[in-house]
Structures are given as C-alpha cells and as structure tokens.
Amino acid sequence: MQQKGTIQIIEWEDLDKRKFYSLGVFMTLTTRATVYPASLIRTRLQVQKGKALYSGTFDAFFKILRAEGARGLYRGFMVNTLTLMSGQAYITTYELVRKHVTQYTPSNTVKSMVAGGAASLVAQTITVPIDVVSQQLMMQGQGEHLTRFKAKPKKMLTTSKRSLTFGQTRDITVQIFAADGFKGFYRGYVASLLTYIPNSALWWPFYHFYTEQLSLLAPSECPHLILQAIAGPMAAATASTITNPMDVVRARVQVEGRSSVSETFKQLLAEEGAWVLTKGLSARIISSLPTSLIIVVGYETLKRLSLRADLVESRHW
C-alpha cells in the first residue's frame, strides 16, 4: 500500500532519453494546438484600449468566430509551431537543473523553483522572436488597427475578401526587420523574462505542493495521475493570477513597439487605472487550466512511458 502524502517524482536519471524526446515532440504540438485560440484571445484583450473591441473573453471568441471564422482563432499558429524547439529546451533544462540543484539541497520546493526559472530563461530566449511575429499575426483581422505592422491583403480572383497566406508571415517579418532591425525580434524580451520566469518558478513548487496536499486528502489507492491532473490547473491559476500584471505589460511592449517596461507600466496605470493589470486574466486562466491539465497528464504519462525498463514495476501510478 502506498503511503498517503508521498508521491515519488520521476527524475532525469530514471528516464530512457530516446523515448522521452520522441514522445515529447508530439505532446508539445498537441498542447499548442489545443490552447492556441485562448492565447490569441488573451493577446487581443490585453492590447485593446479599454473595451473598444471586446467586452470580455467570450465576447471576443464569438466576435472573432463570426467575423473571421474558425481560421481567425488560429492566426499565426504555423509560425508558433516553431516553439516546439523551445518546448524541448524547456523540459531538458528543467530536468538537468533540477538534478544539479539536488547536489546542494534536498528541498523539492527549492529544486522546482530554481529549475523552473532556469528552464523559462532558456525557453524564452528561443521563443520571444517567434512570439513577436505570431502576436502581430494574431492581431490581423479585427485587431490590426492596434498594431504597427499590417500584412498586405491578397485579392482573390473570385472574391474581395482577404486571404490568409504564408505571405503574411513574410510581410510581417520584413516589416519588423525594416523598422527595428534584428533587435525588433527581441522587443519585450525583458518583459517576457519578468513574466515567464516567475510564472514558471512559481508553477512547479505550487504544483508539487498541491499534489502532496491532495494526496493527504485522497484515499491511498487513488491514482497519482488524477491528483496531479487536479494540482496542475490549481498551480496554473495561482501562478497566472500573480504574474498577470507583467503579462499585460509584455503584450503591450511587443505588439505596440514600446521600448521601456517601466514607462509602459506607468502609462497603462495612468490611462486605464489599476484594473488594466487584470486584463486578459480570465482568458489567461481559461487557457492555462486546460494547458496545465494537458501538460501534466501528458508530461507525467510521458515520463512513465519513458521510464527505464528496470524501474517500470517499481512506480505507482
């Protein structure tokens, strides 16, 4: 019988790395596709002035669906799939740093916090240029008047409607480089680090904390994967709420082309008041809950499927 309150963590040295990476790519791509519409809605809500275009998350969803169709919810998705690289970099960094920190402290909270922050630093260095382009693409359509860069419309022979093509990605990329040079692709990098490093550093300790607390409350025979699936969204909601103000600033910096994080923060407070810092929070939580659920179930299952053969029988699911 498994002792209550003890959930054994599968560490880096327990994994068959070949299985781990091959299955990890599929897991990451599935997760991105599932939560992308919520990420697009969050970005539009954060960038709009007041409630000029959308009154909230669901209003934005239905307006985009009516005006732009289902494809409108996936603007910039093909570019965003390039973040598969950052996903693999993230999990590798997390596991390796966690293993390294183990040499200095047995505290799971410390290991999770340090490893989560380091993983986010590496991943954001890869992700920010991709995000800069994909966020500009997200704002095309109903939100294009809020951006500095606009994709050129392509006229079709049989209709006057704009056609979404890969050419939009090229148009936006060329415009960013022409306006800001290479550094334009790292606009908002500091804001991203200030958002995602704390978010990642908080998510992992809260995840393990909630998992252990749920384990104490649940029957001892309860599958650990169920407890972890509940703990992941709880940790996501907690971390998202704490870090949302910085996420609003990050979105404004990247989409509007601002250069100063502190000046952007001050201007937002002056123009729209303190409530501006909660913009997109519901969309962020809505996107983070299924994201965390999918990530946790996928990641924990991935680690179990990637266990070294000699350890398979020793672990309780």
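Predicted, not measured: the structure shown is a model, and the values here were computed from it. Only this structure's heavy atoms are used, side chains among them; waters, hydrogens and symmetry mates stay out.
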Original post:
Does the side-chain hydrogen bond (donor to acceptor under 3.5 Å, both in side chains) test come out yes or no for Arg284 and Thr243, once each step is laid out?
Top reply: CA-CA 11 Å; Arg284 192 174 182 212; Thr243 61; 3.0 Å; yes
Original post:
Counting distance only, does the side-chain N/O of Thr43 pair as donor-acceptor with the main-chain N or O of Ser39 below 3.5 Å?
Top reply: yes
Original post:
According to a 4.5 Å side-chain heavy-atom criterion applied to Ile, Leu, Val, Met, Phe, Trp and Tyr, with indirect links allowed, do Tyr54 and Phe62 form part of one hydrophobic cluster?
Top reply: yes
**OP:** Kindly say whether Glu11 contributes a backbone atom to a donor-acceptor pair with the side chain of Glu95 at under 3.5 angstrom?
**Re:** no
Original post:
How far apart are the closest heavy atoms of Thr169 and Thr173, and which atoms are they?
Top reply: O-OG1, 2.7 Å
Original post:
Going by the angle between their ring planes, with limits at 30° and 60°, are Tyr189 and Tyr186 parallel, tilted or perpendicular?
Top reply: perpendicular
Original post:
Quick one: do Arg304 and Glu300 make a salt bridge, cutoff under 4.0 Å?
Top reply: yes
**OP:** Please confirm whether Lys303 makes a cation-pi placement over Trp12, using NZ or CZ under 6.0 Å from the six-membered ring centre and within 45° of the ring normal.
**Re:** no
Subject >> Side-chain (Asn80) to main-chain (Gly76) donor-acceptor, under 3.5 angstrom >> reply: no
Original post:
Counting distance only, does the side-chain N/O of Ser22 pair as donor-acceptor with the main-chain N or O of Lys19 below 3.5 Å?
Top reply: yes
Original post:
Do the non-hydrogen side-chain atoms of Leu137 and Val79 ever get within less than 4.5 Å of each other?
Top reply: yes
Original post:
Among the clusters formed by ILVMFWY side chains lying less than 4.5 Å apart, do Leu65 and Phe58 turn up in the same one?
Top reply: yes
Original post:
With distance as the sole test, does Asp180 use its side chain to make a donor-acceptor pair with the main-chain N or O of Phe177 at under 3.5 Å?
Top reply: no
Original post:
Could you state the interatomic distance from OG1 (Thr278) to CD (Gln46), rounded to the nearest 0.5 Å?
Top reply: 10.0 Å
Original post:
For Leu84 and Gln88, what are the C-alpha separation, side-chain angles and deciding distance, and is it a side chain to side chain contact (heavy atoms under 4.5 Å, CB included)?
Top reply: CA-CA 6 Å; Leu84 284 173; Gln88 298 305 299; 5.8 Å; no
**OP:** For the pair Ser200 (side chain) and Tyr196 (backbone), establish whether a donor and an acceptor sit closer than 3.5 Å, ignoring hydrogens and angles.
**Re:** no
Original post:
So, do Val47 and Met139 sit near enough that their side-chain heavy atoms are less than 4.5 Å apart?
Top reply: yes
**OP:** Check Gly72 against Leu40 and note the closest heavy-atom contact, atom names and distance.
**Re:** O-CD1, 3.3 Å
**OP:** Keeping the roles fixed (side chain from Thr105, backbone from Val101), state whether a donor-acceptor pair exists under 3.5 Å.
**Re:** no
Original post:
Rounded to the nearest 0.5 Å, what separation is found between the CG atom of Leu268 and the CD atom of Glu263?
Top reply: 11.0 Å
Original post:
Should the pair Tyr36 and Phe77 be assigned to parallel (<30°), tilted (30 to 60°) or perpendicular (>60°) ring geometry?
Top reply: perpendicular
Original post:
Is the closest side-chain heavy-atom distance between Leu225 and Thr301 below 4.5 Å?
Top reply: yes
Original post:
Who else is in the cluster with Ile285 when I, L, V, M, F, W and Y are joined by side-chain contacts under 4.5 Å?
Top reply: Leu281, Leu289
Original post:
At their closest point, which heavy atom of Ser112 faces which heavy atom of Pro205, and how far apart are they?
Top reply: CB-N, 3.9 Å
**OP:** Report, as yes or no, whether the 6.0 Å neighbourhood of atom NZ on Lys17 holds more than 12 heavy atoms from other residues, nucleotides or ligands.
**Re:** yes
Subject >> Lys/Arg N to Asp/Glu carboxylate O, Glu271 vs Lys279, below 4.0 Å >> reply: no
Subject >> Pair Glu68 + Arg44, salt bridge at N-O below 4.0 Å >> reply: yes
Subject >> Val97 versus Ala118, closest heavy-atom pair with distance >> reply: CG2-CB, 3.9 Å
Original post:
Distance-only, no hydrogens or angles: does the Ser306 side chain make a donor-acceptor pair with backbone N or O of Phe20 under 3.5 Å?
Top reply: yes
Original post:
How many angstroms lie between atom CD1 of Ile41 and atom CD1 of Ile286, to the nearest 0.5 angstrom?
Top reply: 8.0 Å
Original post:
Would Phe182 end up clustered with Leu82 when hydrophobic side chains under 4.5 Å apart are linked, directly or stepwise?
Top reply: yes
Original post:
Do the charged groups of Arg250 and Asp247 touch, with an N to O distance under 4.0 Å?
Top reply: yes
Subject >> Any side-chain heavy-atom pair of Thr92 and Tyr21 under 4.5 Å >> reply: yes
Original post:
What's the verdict on side chain to side chain contact (heavy atoms under 4.5 Å, CB included) for Asn199 and Ile242, showing C-alpha distance, side-chain angles and the deciding distance?
Top reply: CA-CA 8 Å; Asn199 189 79; Ile242 294 171; over 6 Å; no
Subject >> Trp203 and Tyr207 aromatic ring geometry - parallel, tilted or perpendicular at 30°/60° bounds >> reply: parallel
Original post:
Between Trp204 and Tyr299, what is the ring plane arrangement, given parallel below 30°, perpendicular above 60°, and tilted in between?
Top reply: perpendicular
Original post:
Does the side chain of Asn244 come under 3.5 Å of the side chain of Arg42 through a donor N or O and an acceptor N or O?
Top reply: no
**OP:** Applying ring-ring contact (aromatic ring centres under 6.0 Å, His included), name anything that partners Phe265, two or more places apart in sequence or on another chain.
**Re:** none
Original post:
Under 3.5 Å, side chain of Tyr74 to main-chain N/O of Ala33, donor-acceptor pair present?
Top reply: yes
Original post:
Do you see a donor-acceptor pair shorter than 3.5 Å between the side chains of Thr81 and Arg32?
Top reply: no
Original post:
Between Leu23, Asp16, Leu15, which is the residue that forms a side-chain contact (heavy atoms from CB on, under 4.5 Å) with Leu305?
Top reply: Leu23
**OP:** Kindly work out whether a path of hydrophobic side-chain contacts (I/L/V/M/F/W/Y, heavy atoms less than 4.5 Å apart) joins Val110 to Tyr104.
**Re:** no
Original post:
Side chains of Arg252 and Gln267: does their closest heavy-atom pair fall under 4.5 Å?
Top reply: no
**OP:** Say whether Ile197 and Val114 are linked into one hydrophobic cluster, either directly or through other cluster members, by side-chain heavy-atom distances under 4.5 angstrom.
**Re:** no
**OP:** Could you check Arg66 against Lys63 for side chain to side chain contact (heavy atoms under 4.5 Å, CB included), going step by step and ending with a plain yes or no?
**Re:** CA-CA 5 Å; Arg66 284 196 300 267; Lys63 282 183 177 177; 3.6 Å; yes
Original post:
Shortest non-hydrogen contact from Val261 to Met246?
Top reply: CG1-CE, 3.2 Å
Subject >> Between CD on residue Glu212 and CG on residue Asn108, distance to nearest 0.5 Å >> reply: 7.5 Å
Subject >> Lys99 side, atom NZ; Tyr94 side, atom OH - distance, nearest 0.5 Å >> reply: 15.0 Å
**OP:** Might you point out which heavy atoms bring Leu277 and Val248 nearest each other, and give the distance in Å?
**Re:** O-CG2, 3.9 Å
Original post:
Quick one: CD1 on Ile294 to OG1 on Thr34, what's the gap to the nearest 0.5 Å?
Top reply: 4.0 Å
Subject >> Donor-acceptor under 3.5 Å (Gln48 side chain, Leu53 main chain) >> reply: yes
Original post:
Under the side chain to side chain contact (heavy atoms under 4.5 Å, CB included) criterion, do Leu96 and Arg98 qualify, and how do the steps go?
Top reply: CA-CA 5 Å; Leu96 288 176; Arg98 182 182 172 85; over 6 Å; no
**OP:** For residues Ile230 and Tyr210, determine if any side-chain heavy atom of one lies less than 4.5 Å from a side-chain heavy atom of the other.
**Re:** no
Original post:
Taking C-beta and beyond as the side chain, do Ile130 and Phe185 meet within less than 4.5 Å on heavy atoms?
Top reply: no
**OP:** State, without any angle test, whether Ser86 and Thr127 hold a side-chain donor-acceptor pair at a distance under 3.5 Å.
**Re:** yes
